[in-house]
Amino acid sequence: MSEPKPILIRVFDLIVDAIRGTDEDLTKISINRAIILLAIPMVIEMMMEGIFAVVDAFFVSRISEEAVATVGITENVMSIIYSIAIGVSIAATAMVARRTGEGDKKAAANTAAQAILLSIGLAVLIGVFGTIYSEDILRLMGAEENVVQQGVGYTRIMFGGNVVIILLFLLNGIFRGIGNANIALRSLIVSNGLNIILDPCLIFGLGPFPELGIEGAAIATNIGRGTGVLFQLYILFNGSAIIKLLASDFKVQLGIIGRMLKVGAGGAGQYMISSASWIFLMMIITDFGTQVVAGYVIAIRVIIFAILPAWGMSNAAATLVGQNLGAGQPDRAEKSVWITAMYASGLLLAISFIFFFFAPQIVDFFEGGELAKQTAVDCLKIVSLGYFIFGFGMVMSQSLNGSGDTKTPTWINFFCFWLLQAPLAYYTAIYLGWGVTFIYWSVFFSYVVYAIIFAIIFKRGKWKEIKI
């Protein structure tokens, strides 16, 4: 009888399996192993997604504060597109995971194809509208005229290329739903690698590339994401994933699309509500001047990057909920969520300490004036205090989404971000004149309430009865 491997070797082997990918049945192996197999590639995937934002902020900050403000304002508006993409992705993940848990790979592939058709249709509508009204969108957001003139090209390119953003989110959601999280990771490695290489080349005109300034950042991002999408489609069509797409799967099936719209509308709604609240905060912050906006943009980029690992764990929980409900194991689904939530909270607690004590050093990595840097430091310190609490609520929220219950998180988001956070931020920062830091304190407070409500709702267990 052979001796068991040392624990460090077993941990290393598990990490390798997670990144390489396995065909194990996630509804039958140990819960901890299932969480790790999904969470590790998903955490890295989310961090790679965050690198897009950080890399752009790093290079764009070397152009001008107006350029940073343009990227920040555009990204806030683009977050509505992200909301739509995430909504469809949530629906695809939940429905594909449920069919996978039921053991019906053909139905899972058919659902994936309908999601792709739906996403392309939405992207065309958004692209036409955003490209035509780019200047109006920037002005509506409160951008100063010099910011509008310098940044409208960037905004047009980002809206025009939104199809690759939506498809990248969607296809990664499909891979997560079937349990091939490692493939989603690989696609982001490809797209990120290209973005990192092309960003400085197209912004500053390195070598044979033209100097395009801020517009170069948009082109680099779209090329990187587009290449990632092509890689994803190749995997799905050549049979390297758990499911294989066929031409016959793309025959429009209104029944599947209708169910997807129903689930996806709630998913899009909750993220749109959340994103719109950030847009509202940005509109408040523009009252404090361009330097404050630039500092806030830098801080939010870093904050989002730090939260993404917990989002990756949340996606792992959603997949486990969907597949275990499909396999008729609701108690195992619930246990998976509680364990994942503890992991996510622990990770974000460690990040909170780093950000609170080393915020100035982190902000110094970016270019900017003293006011911009001080704004970024204040934002990082205050918001990071609620990280571990928000991480717990995030896992609960995604788990409800994974069950197909997207309405409950929508209403909770509306309450926390619009009935609580937005009015509190405006009242304290603008009406009472207490300053921009009280906007950050309103974010912290809403995080706490958000997590408490989700924990109570999840514990009730009504999500176990959802049929999709």
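For this chain, numbers begin at 1 and follow the sequence in order. Everything numeric here is computed off the predicted structure, so don't read it as measured data.
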Will you find, in the side chains of S446 and Q421, an N or O donor that is under 3.5 Å from an N or O acceptor?
yes
Would you say K464 has more than 12 foreign heavy atoms packed within less than 6.0 Å of its NZ?
yes
Working to the nearest 0.5 Å, report the span between CG of L198 and OG1 of T227.
8.0 Å
Spacing of OH belonging to Y447 relative to CG belonging to L420, to within rounding of 0.5 Å
13.0 Å
May I ask you to decide if the ring planes of F444 and W441 are parallel, tilted or perpendicular, using 30° and 60° as cut-offs?
perpendicular
Measuring from M282:CE to I300:CD1, what's the distance to the nearest 0.5 Å?
8.0 Å
Should the pair R156-E215 be classified as a salt bridge under the 4.0 Å nitrogen-to-oxygen rule?
no
Which atoms form the tightest heavy-atom contact between E24 and L37, and what is the distance?
OE2-CD1, 3.8 Å
Testing the basics here: between R332 and A34, what is the closest heavy-atom pair and its distance to 0.1 Å?
NH2-CB, 4.4 Å
Taking the side chain as every heavy atom from C-beta outward, state whether L348 and F390 have any pair of such atoms under 4.5 Å apart.
no
Could you check, using the six-membered ring where one of them is a Trp, whether Y431 and Y427 have ring centers closer than 6.0 angstrom?
yes
Under the side-chain contact (heavy atoms from CB on, under 4.5 Å) criterion, do I203 and I214 qualify, and how do the steps go?
CA-CA 6 Å; I203 291 173; I214 190 173; over 6 Å; no
Nearest 0.5 Å, what's the CE-CD1 distance between M283 and I430?
11.5 Å
What do the steps show when you test F175 against I235 for side-chain contact (heavy atoms from CB on, under 4.5 Å), and what is the final call?
CA-CA 10 Å; F175 286 124; I235 295 294; 4.0 Å; yes
If we only count heavy atoms from C-beta on, is the T375 to I298 side-chain gap below 4.5 Å?
no
If I take atom CZ from residue F288 and atom OH from residue Y296, how far apart are they, to the nearest 0.5 angstrom?
12.0 Å
Backbone of A85 reached by a side-chain donor or acceptor of S89 within 3.5 Å
no
Distance from S119 atom OG to I174 atom CD1, nearest 0.5 Å?
7.5 Å
Under 3.5 Å, side chain of Q329 to main-chain N/O of T27, donor-acceptor pair present?
yes
Distance-only polar pair, side chains of Y343 and N32, donor-acceptor under 3.5 Å
yes
Looking only at heavy atoms, what is the nearest atom pair of P41 and I36, with distance?
CD-O, 4.1 Å
Could you check whether Y450 and F417 have their ring centres less than 6.0 Å apart?
yes
Is there a donor-acceptor pair closer than 3.5 Å between any side-chain N or O of S399 and the backbone N or O of A317?
no
Return yes if some donor-acceptor pair links the side-chain N/O of N192 with the main-chain N/O of I189 below 3.5 Å, else return no.
no
How about I35 and M313: do any of their side-chain heavy atoms sit closer than 4.5 Å?
no
Heavy-atom nearest pair, T410 first then G266, reads OG1-O, 2.7 Å
Apply side-chain contact (heavy atoms from CB on, under 4.5 Å) to residues I166 and V88 and explain how you reach the verdict.
CA-CA 9 Å; I166 291 181; V88 178; 5.9 Å; no
Please find out if less than 6.0 Å separates the ring center of W418 from that of F414.
no
Check L170 against A92 and note the closest heavy-atom contact, atom names and distance.
CD1-CB, 3.8 Å
Would you please classify the geometry between the F392 ring and the W338 ring as parallel, tilted or perpendicular, with 30° and 60° separating the classes?
tilted
Report yes or no: does S187 contribute a side-chain atom to a donor-acceptor pair with the main-chain N or O of F231 at less than 3.5 Å?
no
If we only count heavy atoms from C-beta on, is the T319 to Q323 side-chain gap below 4.5 Å?
yes
Within a strict 4.5 Å, meaning less than it, do heavy atoms of the S397 and Q270 side chains meet?
yes
Mind checking whether M394 and W311 have side chains closer than 4.5 Å, heavy atoms only?
yes
Donor-acceptor pair between T408 and D405 side chains, under 3.5 angstrom:
yes
Counting N and O atoms only, with roles assigned by atom type, does the side chain of R225 sit under 3.5 Å from a partner on the main chain of A220, one being a donor and the other an acceptor?
no
Is any side-chain heavy atom of L38 closer than 4.5 Å to a side-chain heavy atom of L26?
yes
Side chains of L400 and M396: does their closest heavy-atom pair fall under 4.5 Å?
no
Give a yes or no answer on whether the side chain of N182 reaches the backbone of A18 with a donor-acceptor pair at less than 3.5 Å.
no
Looking only at heavy atoms, the pair that brings V395 and A344 closest together is CG2-CB, 3.7 Å
Backbone N/O of A123 and side chain of N162: donor-acceptor pair under 3.5 Å
yes
Decide side-chain contact (heavy atoms from CB on, under 4.5 Å) for Y387 and L349; before the verdict, give the C-alpha distance in whole Å, the side-chain angles of both, and the deciding distance to 0.1 Å.
CA-CA 7 Å; Y387 267 4; L349 182 61; over 6 Å; no
Under a 3.5 Å threshold, yes or no: a donor from one side chain and an acceptor from the other, between Q398 and N401?
yes
Strictly distance-based, threshold 3.5 Å: is any side-chain N or O of S345 a donor or acceptor partner for the main-chain N or O of F388?
yes
Within the side chain of N324, is there an N or O that forms a donor-acceptor pair under 3.5 Å with the backbone of L320?
yes
